[in-house]
Amino acid sequence: MTLSLNQVTKHFGAHTAVDHLSLTIPESQIFGFLGANGAGKTTTFRMILGLMDASEGSIQWNNETIDYSKSHLIGYLPEERGLYPKLTVKDQLIYLGKLRGMSKQEVLSELDHWLERFRVPEYKNKKIEELSKGNQQKIQFISAVIHKPKLLILDEPFSGLDPVNVEQLKQAVVNLKENGTSIVFSSHRMEHVEELCEHLCILHKGKPVVHGGLKEIKRSFGKKNLVVHAD
Ligand code: ATP
């Protein structure tokens, strides 16, 4: 399933947050979005997710308009975390899974798999507020993938995590890709993108300044020029 953005633009009043962005996100690959604060990464994700309309341009999946009623197609890890602190991990996931059409049994079997994988099976009955920030992030990640989406959008997934948690999440992302999920993630840091992505786009003030395959980009520009500076 190939995701394509064609001249996608978003205006907020007089401000243009995303400016004629055209790119293709190939199937079963990891695509990186790099850019400083305010570059337009989250706004682009929200348009792909159908949370806001583009002012101009179109977004298609396999050359068709995305059908957002098929909520199982896309998984989303938002930058601002959205867990319910008083719920247990299990209840949080059952609630979210049911919204996506899953049965309680399906949710629990997937949840067990992911908690084992992150080596925290004991968290199933803990309240979200009892977990560290890194472990809350893992639960947020599980929330994004529990329904086995075809496209996974991760907004700054590694931000604020210690190296062990970053490594575990990276491994999970790579395995999902190997199993056929298309993944798009944003980051401020080139090293995450270099390690994980075949394709990337660097956004600057809403405009794509570099876009293409990582190897070709590195050949054309040299590694030094790919560092993203905050304004
Ligand atoms: P960060 O790394 O800080 O999350 P970003 O690359 O995700 O940044 P966006 O959040 O997409 O950037 O913001 C792009 C620009 O659009 C910013 O100037 C921001 O202030 C503006 N913006 C985003 N959402 C809105 C909104 N709802 N109303 C008005 N302006 C907005």
Side-chain angles (χ1 to χ4, degrees), residues 3-25 29-61 66 68 74-83 133-134 136-141 143-145 149 151-163 165-166 169-170 173 181-212 214 217 221 225-231:
L3 183 72
S4 51
L5 279 64
N6 183 25
Q7 298 289 305
V8 170
T9 299
K10 182 69 187 180
H11 305 296
F12 293 112
H15 178 64
T16 301
V18 178
D19 197 354
H20 295 90
L21 175 62
S22 291
L23 48 87
T24 301
I25 296 175
Q29 290 207 6
I30 308 178
F31 189 99
F33 252 111
L34 272 167
N37 290 120
K41 305 179 296 295
T42 300
T43 303
T44 302
F45 288 166
R46 287 182 179 150
M47 290 189 283
I48 294 172
L49 287 154
L51 296 174
M52 57 173 60
D53 290 331
S55 311
E56 297 167 41
S58 62
I59 299 174
Q60 293 187 313
W61 203 346
I66 299 175
Y68 292 105
I74 308 182
Y76 180 40
L77 176 84
E79 190 180 7
E80 62 293 338
R81 311 305 176 213
L83 301 172
K133 192 177 164 203
Q136 287 189 19
Q137 177 73 331
K138 284 180 193 155
I139 303 305
Q140 186 88 50
F141 181 85
S143 307
V145 299
L151 171 68
L152 178 61
I153 296 181
L154 306 170
D155 202 348
E156 312 256 356
F158 310 119
S159 134
L161 296 186
D162 66 46
N165 281 318
V166 168
L169 275 195
K170 277 185 181 169
V173 166
T181 311
S182 307
I183 295 156
V184 187
F185 82 93
S186 67
S187 179
H188 295 261
R189 298 182 51 178
M190 186 60 199
E191 71 259 30
H192 294 321
V193 172
E194 263 191 301
E195 196 182 328
L196 292 173
C197 301
E198 292 100 329
H199 288 81
L200 68 98
C201 172
I202 301 181
L203 275 183
H204 181 67
K205 296 186 177 167
K207 284 190 201 293
V209 287
V210 177
H211 164 222
L214 179 65
I217 289 171
F221 291 85
N225 294 340
L226 286 177
V227 175
V228 179
H229 298 284
D231 281 339

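Order of appearance sets the numbers: ligands from 1, and atoms from 1 within every ligand. Sequential numbering from 1 along the given sequence is applied to the chain's residues.
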Q: Which ligand 1 atoms are under 4.0 Å away from a heavy-atom of E79?
A: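 Per the distance check, 4 (O).
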Q: Checking a contact table here: which protein heavy atom is nearest atom 12 (O) of ligand 1, and how many Å away?
A: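 Checking every protein heavy atom, the shortest distance to atom 12 (O) of ligand 1 gives G40 N, 3.2 Å.
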Q: Drop me the distance from Q60's CD to I48's CD1, to the nearest 0.5 angstrom.
A: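 The CD1 atom of I48 is 13.0 Å from CD of Q60, to the nearest 0.5 Å.
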Q: What I'd like to find out is whether the side chain of S182 reaches to under 4.5 Å of the side chain of L3, using heavy atoms alone.
A: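 Of all side-chain heavy-atom pairs linking L3 with S182, none is under 4.5 Å.
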Q: Report the nearest protein non-hydrogen atom to atom 8 (O) of ligand 1: residue, atom name, distance rounded to 0.1 Å.
A: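 Answer for atom 8 (O) of ligand 1: G38 N, 2.8 Å.
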Q: With a 4.5 Å limit on heavy-atom distance, are the side chains of H192 and V166 in contact?
A: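 Counting from C-beta outward, H192 and V166 do come under 4.5 Å.
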Q: Could you tell me, atom by atom, which parts of ligand 1 come under 4.0 Å of a heavy atom of T42?
A: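 Selected atoms, number and element: 4 (O), 5 (P), 7 (O), 10 (O), 11 (O).
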Q: Return yes when E156 approaches ligand 1 closer than 4.0 angstrom through a heavy atom, no otherwise.
A: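 It does, in that a heavy atom of E156 comes within the 4.0 Å cut-off of ligand 1.
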Q: Does A36 have a heavy atom less than 4.0 Å from any atom of ligand 1?
A: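 The answer is yes: ligand 1 sits under 4.0 Å from a heavy atom of A36.
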Q: Give the single entry among L34, V18, N37, L203 that approaches atom 1 (P) of ligand 1 most closely by any heavy atom.
A: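 Result: the heavy atom closest to atom 1 (P) of ligand 1 is in N37.
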Q: Would one find an N or O of F12, backbone or side chain, under 3.5 Å from an N or O of ligand 1?
A: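 No, F12 has no N/O under 3.5 Å of an N/O on ligand 1.
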Q: Side chains of Q136 and K133: closer than 4.5 Å at any heavy-atom pair?
A: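 SC-SC contact between Q136 and K133 ruled out.
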Q: Which of the atoms of ligand 1 are close to A39, meaning less than 4.0 Å from one of its heavy atoms?
A: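 Once the distances to A39 are compared, the set is 5 (P), 6 (O), 12 (O).
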Q: Parallel, tilted or perpendicular: which one describes the rings of F185 and F158, with boundaries at 30° and 60°?
A: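 Because their plane-to-plane angle is over 60°, the rings of F185 and F158 count as perpendicular.
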Q: Hey, is atom 19 (C) of ligand 1 touched by any protein heavy atom at less than 4.0 Å?
A: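 For atom 19 (C) of ligand 1 the answer is no, since every protein heavy atom stays at 4.0 Å or beyond.
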Q: For atom 16 (O) of ligand 1, is the nearest protein heavy atom closer than 4.0 Å?
A: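 So far as the 4.0 Å threshold goes, atom 16 (O) of ligand 1 is in reach of a protein heavy atom.
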Q: Pairs of nitrogen or oxygen atoms closer than 3.5 Å, one from K41 and one from ligand 1: do any exist?
A: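 Yes: some nitrogen or oxygen of K41 is under 3.5 Å from one in ligand 1.
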Q: Are R46 and E80 ion-paired here, with the side-chain N under 4.0 Å from a carboxylate O?
A: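 Counted as a salt bridge, because a side-chain N and a carboxylate O are separated by less than 4.0 Å.
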Q: Side chains of C201 and L21: closer than 4.5 Å at any heavy-atom pair?
A: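 They are in contact (side-chain heavy atoms under 4.5 Å apart), so the answer is yes.
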Q: Do any N/O atoms on G35 end up under 3.5 angstrom from N/O atoms on ligand 1?
A: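 No.
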Q: Please say which of K205, H11, K10, K207 ends up in a side chain to side chain donor-acceptor pair (under 3.5 Å) with D19.
A: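 Result for side chain to side chain donor-acceptor pair (under 3.5 Å) with D19: K207.
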Q: What atoms of ligand 1 come within less than 4.0 Å of a heavy atom belonging to H188?
A: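 Result: 2 (O).
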Q: Using distance alone, determine whether M52 and ligand 1 share an N or O pair under 3.5 Å.
A: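 Such a contact does not occur with ligand 1.
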Q: May I ask which of D155, T43, T16, T44 has a heavy atom nearer to atom 11 (O) of ligand 1 than the others do?
A: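 Looking at heavy atoms only, the winner is T43.
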Q: Any side-chain heavy-atom pair from P78 and D155 closer than 4.5 angstrom?
A: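 SC-SC contact between P78 and D155 ruled out.
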Q: Specify whether H199 and F31 have parallel, tilted or perpendicular ring planes, treating 30° as the upper limit for parallel and 60° as the lower limit for perpendicular.
A: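 Parallel.
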